[in-house]
J.: 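Dumping the structure here so I can ask a few things about it.
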Amino acid sequence: MKKVIVISTSLRAGSNSDMLADKFIEGAQAAGHNVEKITLIGKEIQFCKGCLACQKLGKCVIKDDANDIMQKVLNADVICWATPIYYYEMSGQMKVLIDRMNAMYSLDYKFRDVYLLTVAAEDGADVPKRAETGLTGWTDCYPKSRLAGTLFCGGVGGPRSIEGNAKLQEAYEFGKNI
């Protein structure tokens, strides 16, 4: 049994990426894994100030929700990020959270496998590539980890337009097979 953290980065409740994350969670739970979902809705996550105090303290000096999320990420075996694609890139709030977890760089961490679930209005195979590259930049800073898999669902721009899409079942299987 693995401890899995799923971070849903869309700020729209019931978003397409959030629905994809929920199916991934169902699959992971069906396989017997312990899964916790973190949604960024209602979370306060400020921009990194670049002070680098986190490298000495092992946590950020800014008092918001980023440190609590970071602790959960550090102690998980598997991390799954779910994000809408905006302008061919991960959501801004996902990038801000990644930046704010800079304190992890000097800390020990358990996670080995990192997954990425993406959705976008556009449907081309190249649409999620920059988000994948951005997340790979993060995983490269943690040499015991790797980007273990990605799942993209294009053509889903409107709210809940992913309903009935075959990618939901793929997300379930994706989670089941981690």
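None of the values given here were measured: they were computed from a predicted structure. Computed from heavy atoms alone, side chains included, the values below leave out hydrogens, waters and symmetry copies.
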J.: Quick check: is V35 connected to I41 through a chain of hydrophobic side chains (ILVMFWY, heavy atoms under 4.5 Å apart)?
T.: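 Not linked; separate clusters.
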
J.: Does some side-chain heavy atom of V6 sit less than 4.5 Å from a side-chain heavy atom of I79?
T.: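 No. Closest side-chain heavy atoms not under 4.5 Å.
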
J.: May I ask whether Y115 and L151 are part of the same hydrophobic cluster, defined by side-chain heavy atoms of I, L, V, M, F, W, Y residues being less than 4.5 angstrom apart, directly or through others?
T.: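 Linked, Y115 and L151 end up in one cluster.
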
J.: Taking all non-hydrogen atoms of both residues into account, name the closest pair between T118 and P128 and its distance.
T.: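 Scanning both residues completely, I find the closest heavy atoms to be OG1-CB, 3.6 Å.
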
J.: Contact between V156 and L20 at the side-chain level, heavy atoms closer than 4.5 Å - yes or no?
T.: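 With C-beta onward as the side chain, the pair stays apart.
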
J.: Restricting to pairs with a member in residues 164-178, which pass side-chain hydrogen bond (donor to acceptor under 3.5 Å, both in side chains), not counting sequence neighbours?
T.: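 Qualifying pairs: Q169-E173.
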
J.: Supply the atom-to-atom distance L168 CG to E26 CD, rounded to the nearest 0.5 angstrom.
T.: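 Those atoms lie 9.0 Å apart.
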
J.: Which atom pair, heavy atoms only, marks the closest approach of L117 to A21?
T.: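 Result for this residue pair: CD1-CA, 3.7 Å.
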
J.: Enumerate the salt bridge (charged side-chain N to carboxylate O under 4.0 Å, His left out) contacts for residues 67-83, please, sequence neighbours excluded, ordered by first and then second residue.
T.: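 Listed once each, the pairs are E36-K72.
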
J.: Taking only residues at least two apart or on different chains, which pairs with a member in residues 30-78 satisfy ring pair (Phe, Tyr, Trp, His ring centres under 6.0 Å)?
T.: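 The answer is none; no pair qualifies.
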
J.: Is it the case that one hydrophobic cluster holds both M101 and Y105, taking links as side-chain heavy atoms less than 4.5 Å apart, direct or via other members?
T.: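 The answer is yes; both residues are in one hydrophobic cluster.
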
J.: Quick one: side-chain hydrogen bond (donor to acceptor under 3.5 Å, both in side chains) pairs with a partner in residues 49-64, sequence neighbours left out?
T.: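 Qualifying pairs, neighbours excluded: D64-R100.
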
J.: Listing request: all salt bridge (charged side-chain N to carboxylate O under 4.0 Å, His left out) pairs with a residue in residues 114-130, at least two apart in sequence or in separate chains.
T.: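 Non-adjacent pairs meeting salt bridge (charged side-chain N to carboxylate O under 4.0 Å, His left out): K129-E132.
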
J.: Which distance, rounded to the nearest 0.5 Å, do you find between the SG of C48 and the CD1 of I62?
T.: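 So the SG of C48 and the CD1 of I62 are separated by 6.5 Å.
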
J.: Inspect the surroundings of NZ in K110 and state if more than 12 heavy atoms from other residues, nucleotides or ligands are less than 6.0 Å away.
T.: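 Check fails, neighbour count at 12 or below.
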
J.: Of the non-hydrogen atoms in F174 and G149, which two are nearest, and what is the gap between them?
T.: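 Of all heavy-atom pairs spanning F174 and G149, the closest is CZ-C, 3.5 Å.
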
J.: Looking at CD1 of I178 and SG of C80, how far apart are the two atoms once the value is rounded to the nearest 0.5 Å?
T.: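 SG of C80 is found 8.0 Å from CD1 of I178.
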
J.: Kindly give the heavy-atom pair with the smallest separation between I38 and I5, and that separation in Å.
T.: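 Heavy atoms of I38 and I5 come nearest at CD1-CG2, 3.7 Å.
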
J.: Please, which pairs that meet ring pair (Phe, Tyr, Trp, His ring centres under 6.0 Å) have at least one residue in residues 124-170, sequence neighbours excluded?
T.: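 Passing the test, one end in residues 124-170: W81-W138, Y109-Y142, F111-W138, F111-Y142, W138-Y142.
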
J.: If Ile, Leu, Val, Met, Phe, Trp and Tyr residues are connected whenever their side-chain heavy atoms lie under 4.5 Å apart, and connections chain through other members, are L135 and I45 in the same group?
T.: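 Yes; I45 is reachable from L135 via cluster members.
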
J.: Do the side chains of F24 and M19 join up, straight or via other hydrophobic residues, at under 4.5 Å, putting them in one cluster?
T.: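 Per the 4.5 Å side-chain linkage, F24 and M19 are co-clustered.
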
J.: So N16 and P84, do their side chains get closer than 4.5 Å, heavy atoms only?
T.: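 Not in contact.
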
J.: Provide the closest heavy-atom pair for E44 versus D65 in the form atom of the first, atom of the second, distance.
T.: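 Heavy atoms of E44 and D65 come nearest at N-OD2, 2.7 Å.
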
J.: Report yes if some heavy atom in the side chain of V4 is under 4.5 Å from a heavy atom in the side chain of N34; otherwise report no.
T.: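 They are not in side-chain contact.
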
J.: May I ask you to decide if A82's main-chain N or O and T9's side chain share a donor-acceptor pair within less than 3.5 Å?
T.: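 Between the backbone of A82 and the side chain of T9 there is a qualifying donor-acceptor contact (under 3.5 Å).
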
J.: Check whether the side chains of S8 and D18 place a donor and an acceptor atom closer than 3.5 Å, and report yes or no.
T.: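 Present: a donor and an acceptor within the cut-off.
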
J.: At their closest point, which heavy atom of V114 faces which heavy atom of S145, and how far apart are they?
T.: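 In this case the closest contact between V114 and S145 is CG2-CB, 4.5 Å.
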
J.: Is there a side-chain contact between T133 and E89, using heavy atoms and a 4.5 Å cut-off?
T.: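 Heavy-atom side-chain distance check fails, nothing below 4.5 Å.
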
J.: Kindly determine whether I85 and M90 satisfy side chain to side chain contact (heavy atoms under 4.5 Å, CB included), including the steps that lead there.
T.: CA-CA 5 Å; I85 298 293; M90 68 180 74; 5.7 Å; no

J.: Less than 4.5 Å apart, any side-chain heavy atom of N102 and any of D99?
T.: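 Answer no - side chains too far apart.
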
J.: Please examine the side chains of V78 and K3, heavy atoms only from C-beta on, and report whether any two atoms are closer than 4.5 Å.
T.: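 They are not in contact (no side-chain heavy atoms under 4.5 Å apart), so the answer is no.
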
J.: In the structure I gave you, are the side-chain heavy atoms of L116 and M94 within less than 4.5 Å of one another anywhere?
T.: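 Yes - at least one pair of side-chain heavy atoms lies under 4.5 Å apart.
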
J.: Decide side chain to side chain contact (heavy atoms under 4.5 Å, CB included) for L97 and I7; before the verdict, give the C-alpha distance in whole Å, the side-chain angles of both, and the deciding distance to 0.1 Å.
T.: CA-CA 10 Å; L97 179 58; I7 303 171; 4.1 Å; yes

J.: I'd like to know whether T139 forms a side chain to side chain contact (heavy atoms under 4.5 Å, CB included) with R146, so could you lay out the CA-CA distance, the side-chain angles of the two residues, the decisive distance to 0.1 Å, and finally the verdict.
T.: CA-CA 6 Å; T139 58; R146 67 187 177 110; over 6 Å; no

